[in-house]
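Every heavy atom of this structure was used, including side-chain atoms; hydrogens, water molecules and symmetry mates were not. Proteins get letters first, then strands, A, B, ... in listed order; numbering begins at 1 in each.
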Number of protein chains: 2
Amino acid sequence: MVYNKTQKVKDKMEGRRERIVKAAREIFTEDSFQNMSIKAIAKKAGIATGTFYLYFTNKEALVETVVKEMYKELMGLIKTERSNYESVFDKLQASMEVCIKVFIREKGIARLLLKHFPEINMAFNNKFTEIEKDLINLVRIDLDELQEQGLIPLQNTSISATAFVGTFRQVILSWLQEGQPENLEEACQTLIQYNMRGLGKIS
Amino acid sequence: MVYNKTQKVKDKMEGRRERIVKAAREIFTEDSFQNMSIKAIAKKAGIATGTFYLYFTNKEALVETVVKEMYKELMGLIKTERSNYESVFDKLQASMEVCIKVFIREKGIARLLLKHFPEINMAFNNKFTEIEKDLINLVRIDLDELQEQGLIPLQNTSISATAFVGTFRQVILSWLQEGQPENLEEACQTLIQYNMRGLGKIS
DNA sequence: TCAAAAAATGAATACCCATTCACTTAACGA
DNA sequence: TCGTTAAGTGAATGGGTATTCATTTTTTGA
């Protein structure tokens with residue numbers, strides 16, 4: 001005979017799953033991500049290591065969940081902010097500024113989304129790469145539109161978009177790892193200028 | 001009593017060290033970066049695994065040696081090429097083109113310098129690899145000079161140099177991982193244009 | 001040539017973690 | 001209430017690999 005879960009149990013399990021994800025987020029986001037082991041995550045979530053495997057098939061699935069969640073949050077903020085503007089240039093600029101703001105507020109997100117984690121496993125790096133591809137593609141769509149509107153000269157928008165994202169990634173990584181530039185928000189303005197000129201913005 | 005090594009033994013040991021480095025280089029630059037184990041390196045170098053530790057204190061020291069060697073070679077080529085030009089713009093452009101040429105010829109070097117080494121190193125410290133810092137600094141020096149000569153507008157050359165390197169890094173990584181752009185040499189021209197505009201080159 | 005010293009060897013060790021599983025505790029429903 | 005089923009537990013397992021060390025081989029210098 002099969003027993004049905006009561007609502008109470010369903011709620012408890014749902015809460016537990018959330019606590020696991022939250023614990024993982026906290027650990028992945030910590031400065032020293034030395035022991036992002038299942039044991040450590042389980043401990044922080046207040047469960048036994050074995051229990052973890054009742055909620056996730058393996059570590060990879062957990063990482064994917066965490067990364068996707070963070071990415072979704074970031075994209076949500078970007079979309080909201082973009083809707084406040086009409087011109088594609090403004091939308092593009094708003095996207096960058098939101099990213100920087102989020103990364104300043106939650107360095108851990110920046111670290112997790114922009115860095116690649118060999119500690120985890122090569123397979124996971126593909127997940128991060130996909131996100132980066134996604135970001136680049138978003139920029140490319142904006143650039144295509146700008147090109148159509150004749151607001152930037154004819155160019156390989158795919159390469160330009162990659163370059164564009166590359167400038168941000170490199171500067172943010174430097175900020176994360178070296179603490180330079182000290183003021184990332186100020187640097188953002190420089191970067192916007194750099195990229196607008198780079199794109200050949202006709203003003 | 002202490003025995004002195006004869007020249008013959010010194011030579012043999014020196015050669016052995018070189019063979020270890022060579023073997024490591026071959027393995028590190030292979031397509032499948034999976035088994036870069038000491039065992040595999042020792043086997044390729046024709047020595048026992050224990051012997052490795054008579055020549056290097058640990059794996060980290062070996063990786064550092066290999067990376068430094070590759071970097072030195074790359075820098076040598078860049079310096080030689082730069083000496084053929086007078087204008088800083090031309091020197092800058094020549095540097096980029098040499099980098100791209102080397103990376104096309106030896107993908108393994110690109111993979112190790114741009115992707116794997118930062119990953120490996122991350123485990124030991126969170127610092128940017130010295131190499132990347134070095135590259136950025138080289139560009140910054142060029143930019144400072146250009147700025148002094150009034151050939152580019154006033155700007156934070158540190159951030160511009162970081163952005164500059166970031167565009168290349170991102171595009172080369174995409175090329176390595178996604179196979180896009182297909183023609184990296186062509187993309188290099190686009191990137192040069194992007195960055196020259198980004199810097200605000202006065203022409 | 002030979003005993004001491006150094007170099008070389010590779011199986012054994014040590015370590016780290018993800019994952020499993022025999023067992024305990026809690027929930028279900030007749 | 002009680003037998004059955006599901007959830008939870010954490011010590012044990014397994015796999016991978018960097019590093020060590022007891023032993024063997026080679027080199028040195030008298």
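Of all heavy-atom pairs spanning A:Ala94 and A:Tyr85, the tightest one is CB-CE1, 3.7 Å.
Shown for residues 39-49 of chain A: no residue has heavy atoms falling under 4.0 angstrom of DNA chain C.
For the pair B:Met13 CE and C:dA6 P, the interatomic distance rounds to 12 Å; values are reported in whole Å. At whole-Å resolution of the value, NZ in A:Lys59 and C1' in C:dT20 are 17 Å apart. One can place CZ of A:Phe56 at 16 Å from C1' of D:dG8, the figure rounded to the nearest angstrom. Rounding to whole angstrom units, CG of residue A:Leu54 and P of C:dT19 are separated by 14 Å. What separates CG of A:Leu62 from P of C:dA18 is a distance of 11 Å, to the nearest Å. Computed from coordinates, the B:Ile38 CD1 to D:dT20 C1' distance equals 13 Å when rounded to whole Å. Remark: C1' of D:dG8 and CZ of A:Arg19 are 13 Å apart, rounded to the nearest angstrom. If you take CG of B:Asn58 and C1' of D:dT17, they are 14 Å apart, rounded to a whole angstrom.
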Problem - B/S/- contact track for nucleotides 25-30 of chain D, protein heavy atom under 4.0 Å - result: --SBS-
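Distances shown here put a side-chain N or O of B:Thr51 below 4.0 Å from the OP1 or OP2 atom of C:dT9. Regarding contacts with the backbone of D:dA7, every side-chain N or O of A:Arg16 stays at 4.0 angstrom or more from both OP1 and OP2.
Across all strands shown, B:Tyr55 has heavy atoms under 4.0 Å from sugar-phosphate atoms exclusively, and none from any base.
Rounded to 10°, the helix from C:dT1-D:dA30 to C:dA30-D:dT1 has 10° between the axis fitted to its first five pairs and the one fitted to its last five.
Judged by distance alone, with hydrogens and angles left aside, the side-chain atoms of B:Ser174 form no donor-acceptor pair with the main-chain N or O of B:Gln170 at under 3.5 Å.
For the atom pair CZ (A:Arg19) and NZ (A:Lys12), the distance works out to 10.0 Å, reported to the nearest 0.5 Å.
Between B:Met70 and the options B:Val102, B:Thr65, B:Ile109, a side-chain contact (heavy atoms from CB on, under 4.5 Å) holds for only B:Ile109.
Surrounding NZ of B:Lys22 are at most 12 heavy atoms belonging to other residues, nucleotides or ligands under 6.0 Å away.
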